[in-house]
Amino acid sequence: MSGCINDSGEVTPKGKHISQHLVDSITRHRKGHDFSWSYIDTVIDNPLRSAIQPDGRVIYLYRQPMRRRLYSIVILENGDCIVTAARDLENNDLEGMAKKNNWLGLRY
């Protein structure tokens, strides 16, 4: 059974459940780049950093392998539910998200 409160029924290749919020968000914000479920597994398996939000969700920060400093994040709750994810984020994007969401200990 999934730890997702709003499970979409989809899973990553490594068995993480995808929330409906993430499915809707990717559809809404897709910028023509590929955002596959296997990419989410890559972020979780190879984070530059990780941190815990005050609500217990775990944030995985991944630096994309390019010349420009772009990052991806994945937020996981209950150990197996991907709440949300984003890619192609710059430092200022991360700073704003960190302040808004009170991410403790997340350096980038």
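Computed from a predicted model, the values in this text were never measured in an experiment. We count residues from 1, following the sequence as given.
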The complete set of salt bridge (charged side-chain N to carboxylate O under 4.0 Å, His left out) pairs with one or both residues in residues 13-22, sequence neighbours excluded, reads Lys14-Asp45
When rounded to the nearest 0.5 Å, the distance separating OG of Ser19 from CG of Asn78 is 11.5 Å
How many angstroms lie between atom CD1 of Ile82 and atom CH2 of Trp37, to the nearest 0.5 angstrom?
9.5 Å
Find out whether Val58 and Ile44 are in side-chain contact, i.e. whether some heavy atom of one side chain is under 4.5 Å from a heavy atom of the other.
no
How long is the span from the CG atom in Leu76 to the CD1 atom in Ile52, to the nearest 0.5 Å?
11.0 Å
Inter-residue atom distance Thr84.OG1 - Asp24.CG, 0.5 Å rounding:
10.0 Å
Could you state the interatomic distance from CD1 (Ile73) to CE (Met97), rounded to the nearest 0.5 Å?
3.5 Å
Nearest heavy atoms of Val83 and His21, plus distance in Å:
O-CD2, 3.3 Å
What pair of heavy atoms forms the shortest contact from Val43 to Ser72, and how long is it?
CG2-CB, 4.0 Å
Looking at residues at least two apart in the chain, or sitting in another chain, which of them share a side-chain contact (heavy atoms from CB on, under 4.5 Å) with Thr42?
Asn46, Tyr62
Which pair of non-hydrogen atoms, one from Gln64 and one from Tyr71, has the smallest distance, and what is that distance?
OE1-O, 3.2 Å
Where do Asp41 and Pro13 come nearest, in terms of heavy atoms and distance?
OD2-CD, 3.2 Å
Working for side-chain hydrogen bond (donor to acceptor under 3.5 Å, both in side chains), residues Glu95 and Asn91
CA-CA 6 Å; Glu95 288 171 7; Asn91 279 344; 5.7 Å; no
N/O donor-acceptor pair under 3.5 Å between Gln53 side chain and Ile59 backbone
no
Euclidean distance, Leu61 CG relative to Leu94 CG, rounded to 0.5 Å:
6.0 Å
